[in-house]
Amino acid sequence: MTRISRRTALAGFGAASLAAACVSAPLPPQAPAPAADAARPFAPVHSRRDRITRTVVGLRPFRPQGFRLEAERFGEKTVIHNYGHGGCGVTLSWGTSHRAAVMAAETGAEDIAILGGGVMGLTSALVLARRGHTVTVHADVMHPNTTSNIAGALWLPSSLYDRGVASEDFLRLNWQVTREAHRGFLPFVNRPGYGVSWVRHSEVSNRVRDPRYQLPGGDDLYPGLEILTRETRFGFAYEERYHTLMIDPDYYLDQLMKDAQLAGARFIARRFDSLDEVLALPQRTIVNCTGLGAAKLFGDETLIPIRGQLSHLLPQPEVNYSYTAPGHGSALYMFPRQTGLILGGSHGRGDYSLDPSEDDLTRMIDGHAALAQRAAFS
Ligand SMILES: Cc1cc2nc3c(=O)[nH]c(=O)nc-3n(C[C@H](O)[C@H](O)[C@H](O)COP(=O)(O)OP(=O)(O)OC[C@H]3O[C@@H](n4cnc5c(N)ncnc54)[C@H](O)[C@@H]3O)c2cc1C
């Protein structure tokens, strides 16, 4: 193993890493220590069509300048925007949603409406209901049918902004929010029913990163971080290996919604077709967590989809690691869940199609199978 000296700087991002220091934390850290390193050699993934249990498509709500977290006044009403988290909404949920909830509470309103029942809406609802507010969540699609349910979901900021577009102010905010978001998830690790656990993740590449930058939010968020240029996973030139969190949205969002309901939040199935309809709500403070829906509802022309397709494979309990690796066209990734392995790695910028693509499916199954072949020799 060869270690490379680390440099401290704001990171940019490529396919799977980006820029993201700690102010306040939504919840105190209580997590158990990560498990010991997995023994080598590691179990290869059986990437075959006959092992697919389902293929799903979702649209990441992407803004080149990064997520929108701010208050906007409409006469007597205040809308707190909390949307546009690209490929890492689950990851950032405890960061931006906690801040959005605090901003809503600071308007002085007791009765608060939340638009959206994805991870952002649910987290904001939980925080506000626990602070004693009367909370009503309005959404046309609820768990388990939101984009948040489709997410992979590895705790890793990625596909969040364009490096040439995001401002220095945003990068500083994002760094802080990323740290708060990480801290917010720690109390859920291994809590029964929440589907949150540590995983040993490898990000491998063909090129040695020199200089390398800190991982999003700071290297200290990634326990056990090792930089390898020999004996790398799959034999690539370079590997960053560390522990991060796996979040299974099917379990996590279910518990989050129950927790919000237990705290008193009400849920109403409703679609809004115009800003006027939103502003006709009786509440004077409204938290906007509509994800991609904010494009039409609030006229945000910078908000675009990045289409992603995932195939779920039958479970392989022996696969206790995750990876992001070079693939044909774009990086491929694999996340292990108790219910199955998640194969991903498609990024269709501006593509609104929700139909599974046969080309993407072939690229993923063949690409991950080729990586599994390399696993046998690395
Ligand atoms: C393939 C794929 C893989 C991903 N992998 C990861 C990952 O590994 N890690 C990670 O952190 N993130 C990942 N993401 C990103 C993550 O899914 C999103 O960033 C996140 O779901 C955004 O959450 P949200 O609550 O803002 O939006 P959503 O989950 O889309 O929720 C939006 C809510 O607003 C409601 N709404 C919208 N418009 C209206 C309207 N007009 N009227 C009423 N209600 C409305 C919707 O019905 C819904 O309830 C992935 C996404 C995809 C597609």
Side-chain angles (χ1 to χ4, degrees), residues 16 18 55-63 67-69 81-97 100 113-125 137-160 178 181-182 185 199 201 216 244-249 252-253 256-257 267-275 277-278 281 286-298 300 303 305-312 322 324 333-335 337 342-348 351-352 354 356 360 364:
L18 69 133
T55 293
V56 294
V57 176
L59 307 178
R60 303 171 179 95
F62 180 82
R63 297 173 89 226
F67 56 74
R68 187 172 186 199
L69 180 63
H81 296 291
N82 178 27
Y83 67 86
H85 301 80
C88 57
V90 179
T91 299
L92 294 182
S93 54
W94 276 103
T96 64
S97 295
I114 292 178
L115 305 185
V119 70
M120 295 298 165
L122 294 178
T123 311
S124 299
V137 179
H138 302 264
D140 63 342
V141 177
M142 301 271 188
H143 161 76
N145 298 312
T146 68
T147 299
S148 301
N149 290 89
I150 287 173
L154 193 73
W155 194 95
L156 192 64
S158 73
S159 304
L160 177 61
T178 300
H182 189 264
F185 266 108
V199 67
H201 182 72
T244 189
L245 297 171
M246 265 308 303
I247 301 142
D248 184 331
Y252 180 70
L253 295 176
L256 209 55
M257 190 162 173
F267 287 79
I268 295 177
R270 175 176 175 188
R271 175 170 180 81
F272 297 86
D273 286 312
S274 70
L275 178 58
E277 285 181 25
V278 172
L281 284 168
I286 298 158
V287 186
N288 170 29
C289 304
T290 51
L292 199 56
K296 185 164 171 242
L297 217 45
F298 290 89
D300 185 343
L303 185 61
I306 297 186
R307 180 187 176 282
Q309 180 169 316
L310 305 178
S311 285
H312 293 228
S322 60
T324 306
Y333 58 80
M334 186 283 298
F335 307 151
R337 291 186 190 167
I342 312 296
L343 301 187
S346 70
H347 291 77
D351 185 349
Y352 280 91
L354 287 170
D360 274 355
M364 260 179 240

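Numbers here are sequence positions counted from 1. Just so you know, ligand 1 is whichever comes first in the structure, and atom 1 is the first atom listed for that ligand.
- The nearest non-hydrogen atom to atom 27 (O) of ligand 1, considering only G291, S346, A151, comes from G291.
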Worked check of side-chain contact (heavy atoms from CB on, under 4.5 Å) between L281 and R270: CA-CA 12 Å; L281 284 168; R270 175 176 175 188; 3.8 Å; yes

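- Checking side-chain atoms of T91 against main-chain N and O of L154 turns up a donor-acceptor pair under 3.5 Å.
- Using a 4.0 angstrom heavy-atom cutoff, G344 does not count as in contact with ligand 1.
- Remark: minimum distance from atom 9 (N) of ligand 1 to any protein heavy atom is reached at L154 O, 3.1 Å.
- Counting only heavy atoms of the protein, atom 52 (C) of ligand 1 lies nearest to R60 CG, 3.6 Å.
- Here W155 has no heavy atoms under 4.0 Å from ligand 1, in either its backbone or its side chain.
- For L310, every heavy-atom contact with ligand 1 shorter than 4.0 Å involves the side chain, none the backbone.
- Among S97, S158, G118, the residue whose heavy atom sits closest to atom 31 (O) of ligand 1 is G118.
- Which of S148, G84, S274, G87 comes nearest to atom 10 (C) of ligand 1 through a heavy atom is settled by distance: it is G87.
- Below 3.5 Å of separation, one finds an N or O of V141 facing an N or O of ligand 1.
- Only the side chain of L297 comes within contact range of ligand 1, with a heavy atom under 4.0 Å; no backbone atom does.
- Here the shortest heavy-atom distance to atom 25 (O) of ligand 1, taken over M120, R307, M246, belongs to M120.
- In terms of N/O distances under 3.5 Å, ligand 1 is approached by G86.
- Between atom 32 (C) of ligand 1 and the options C289, S322, G348, the minimum heavy-atom separation is to C289.
- The closest approach between any non-hydrogen atom of Y333 and ligand 1 is below 4.0 Å.
- Ligand 1 has an N or O atom lying under 3.5 Å from an N or O atom of G152, backbone or side chain.
- Taking the six-membered ring where tryptophan is involved, the planes of H81 and Y83 are perpendicular, since the angle between them exceeds 60° and thus also 30°.
- For atom 16 (C) of ligand 1, the nearest protein heavy atom (residue, atom name, distance) is G89 N, 3.9 Å.
- Looking at ligand 1, you'll find an N or O of T91 within less than 3.5 Å of one of its N or O atoms.
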Criterion side-chain contact (heavy atoms from CB on, under 4.5 Å) on H85 and M120, from CA distance to verdict: CA-CA 9 Å; H85 301 80; M120 295 298 165; 3.4 Å; yes

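- Residues P249 and V119 form no side-chain contact, since every pair of their non-hydrogen atoms from C-beta on lies 4.5 Å or further apart.
- Nearest to atom 39 (C) of ligand 1 by heavy-atom distance, out of D140, I114, V119, is D140.
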Chi angles and distances behind the side-chain contact (heavy atoms from CB on, under 4.5 Å) call for H201, L156: CA-CA 10 Å; H201 182 72; L156 192 64; 4.2 Å; yes

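- Ring centroids of F185 and Y252 are separated by less than 6.0 Å, placing the two rings close together.
- Under 4.0 angstrom from ligand 1, there are no non-hydrogen atoms of K296.
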